Amino acid sequence: MQNLNNQEKTLNLPAFFPDATYSTISHVPLYIVESILTGVVITTLHATANNLDTLLEELNISFSQFANLPQNIITLSDSGGFQVLSLIHNKKLGKITPDYAKFKYPKDGKIIKLTPEESQNIQHKLKTDIRTALDYPIMGHENIKTIQKSIKITIDWAKRSKKQFLKLLNIKNSEFKKTSPNIQKINNFSYQLKFSRPLLNGVIQGGNDKKARQECAQELTKIGFDLYGFGGWPITPEGNLNTDILEHFLTIIPSDKIAYAMGLGTPDDMATLIYMGYHLFDCTIPTRNARHGTLFVSKNNGEPKGKHYDVLHIKTERYIYDNKPIDPNCNCPVCKKYSRSYIRFLFKSKNPVASTLASIHNIWWYNNFIQKIKENSMALNFNIQDTKAKNNSNNSKQQLLLKAKATKQPSQNTLYIYHDATCKVQNAHIKGHSGKGKATCGFFFQINNKTILTKTIPVADNITIPEAEFRCFLFALEHAYNLIKKQNKKLFITKIITFTDSQLLAFWINGKYKIKKPHIKKLYEQYQQISNKFAKLNILVQVNWHARENKKASIADRLANE
Ligand SMILES: [Zn+2]
């Protein structure tokens, strides 16, 4: 049996590997996406549960050969460790001891006992390019006792995994070290790794405890691995990425080895992590979301979602007549060929091809997304509180400029509403806002820099300035709602941005000032009602305050300066 994979492989980073479970990406034949794939992840537990390892051993071929994958696609196997979280922790299907993890396989109730050695044996039978040491994962927020137990077992299993890996490859640790590849930087966000033997991934645990992470990293670095995975689940209870612990991880592993963000994340998470210095990602989000009809699209081409992406909930009614591709900026075979309307129809008629098309697009989109980051061709909007990132010199400044530029660009899916009320209050300069008068409301709508509606209407008599501004804002929103409803199929609005020069109004709406007066409270309730109506149409309403530079300028004048 050929133990050493002598052919040199190149892994271009950062890379996203979709989850190919034990044979293929769910609902997607690999050949359709192979032209854009860098690699795939094979799930060791599922592979052995379905006897893929024994079959490959009998055939004496690798998984790559079995699936007839092109040479340049890297195969990575996990260790079965992650299923400790998903099956043992969450579903109570098994148990963990200092010696092994025992699973009750959900599909057929089969008992599978994974020791660190057995996990390596299975991965060796799959002949994957990158293999993973078995670990004991836990959630981030576990108590210190659980964390200590997890790292103790993880360190012990890392030693045993490495020993078995060397034994199976028939190499000594000195040879492992000599042939362990370092990443080469190509440009700002682009790296490369060349290697000619299977690589071993060491998974670092420690929950959200930095000291425990450091201890685990120290021990695993001593053992020596080719890449280091962030193990566990770095998501805060609010569902946000725990950037603090993720950034700490990068300071405790060797800087010339791959930092692998295992099982993460959304496009925004990936952008943040690539910026931090992570290189490798695998995640079930694009395929799982695709099967549920959630499609990733570039910014301003769908329903607002993240900083760097929007989504389409393709099953909703708004796409019945939509003949645009899923994402006009996507070059995937599905976007080249089919309309949103067609894909929606397949979903609604429960045709399984719907999942296939949606998954192809999402995988393509994820890969393109990383490609764009690599090529520095997108304005990244990072979510890092860390001072290190903030102080990151020119690069960060440039990104801020790009971001500013990006937000200035009008979007055809955004309706901009400029509104202002004039309220003639006698002696207002003496009485401040407490005076009352006759108010008129003016507003106009813009889409893609084109004004589509201008209106002035009387508001009411005998009201205060803030109330007039509030009523004007509500008038404008009502008008927008009716317009969108009337032109449902023609106007594809995903976001409404309103501009007011009343700081008070913006602060009330955005919750910065508490509303005390009952008549304003009533207006706020009206705003909530209309905001809910927009939410049902998947339209987000954002209220912006902009300071008035020239008090006498009309809305139109001010708009010209926007
Ligand atoms: Zn596409």
Side-chain angles (χ1 to χ4, degrees), residues 12 14-20 24-41 70 73 265-271 274 281-316 318-349 351-375 377-380 406 411-413 492 494 538:
N12 291 310
F16 165 74
F17 287 10
D19 193 351
T24 189
I25 298 165
S26 191
H27 292 80
V28 180
L30 285 170
Y31 79 91
I32 298 180
V33 288
E34 68 184 25
S35 68
I36 46 119
L37 282 189
T38 311
V40 288
V41 175
I73 295 184
T266 66
D268 285 353
D269 293 346
M270 286 201 307
I274 289 171
F281 303 87
D282 76 279
C283 184
T284 55
I285 288 178
T287 43
R288 198 183 51 223
N289 282 13
R291 295 197 294 276
H292 290 113
T294 304
L295 305 172
F296 289 93
V297 294
S298 47
K299 205 69 205 142
N300 300 319
N301 282 297
E303 303 154 36
K305 183 72 185 173
K307 288 195 180 90
H308 302 104
Y309 68 106
D310 288 343
V311 293
L312 307 183
H313 294 101
I314 198 70
K315 293 189 231 175
T316 55
R318 70 190 312 162
Y319 304 111
I320 297 181
Y321 307 104
D322 196 333
N323 63 5
K324 286 195 287 297
I326 299 170
D327 185 344
N329 300 321
C330 177
N331 59 356
C332 87
V334 181
C335 287
K336 278 185 193 156
K337 187 101 183 148
Y338 300 114
S339 67
R340 294 170 174 184
S341 173
Y342 178 72
I343 292 159
R344 179 189 180 274
F345 181 80
L346 292 178
F347 265 108
K348 294 308 275 186
S349 53
N351 190 318
V353 173
S355 288
T356 301
L357 297 181
S359 300
I360 293 170
H361 164 79
N362 273 4
I363 291 168
W364 218 281
W365 192 93
Y366 251 65
N367 276 281
N368 275 348
F369 183 76
I370 287 207
Q371 205 57 37
K372 279 184 202 162
I373 296 176
K374 261 192 218 172
E375 290 160 7
S377 64
M378 66 187 296
L380 296 177
S411 151
Q412 55 178 347
N413 301 128
F492 182 77
T494 56
N538 280 319

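All values reported here derive from a predicted model rather than from experimental measurement. Just so you know, ligand 1 is whichever comes first in the structure, and atom 1 is the first atom listed for that ligand.
A donor-acceptor pair shorter than 3.5 Å cannot be found between the side chains of Asp19 and Thr284. Side-chain N/O atoms of Ser298 and Asn301 include a donor and acceptor closer than 3.5 Å. Between Asn362 and Asn289, the side chains place no donor N or O within less than 3.5 Å of an acceptor N or O (distance only, hydrogens not considered).
Partners of Arg340 by salt bridge (charged side-chain N to carboxylate O under 4.0 Å, His left out), not counting sequence neighbours, listed by chain and number: Asp322. When the ring pair (Phe, Tyr, Trp, His ring centres under 6.0 Å) test is applied to Phe347, no partner is found at least two apart in sequence or on another chain. Partners of Asp310 by salt bridge (charged side-chain N to carboxylate O under 4.0 Å, His left out), not counting sequence neighbours, listed by chain and number: Lys299.
Counting only protein N, O or S atoms, the number found under 2.8 Å from the Zn ion (ligand 1) is 4.
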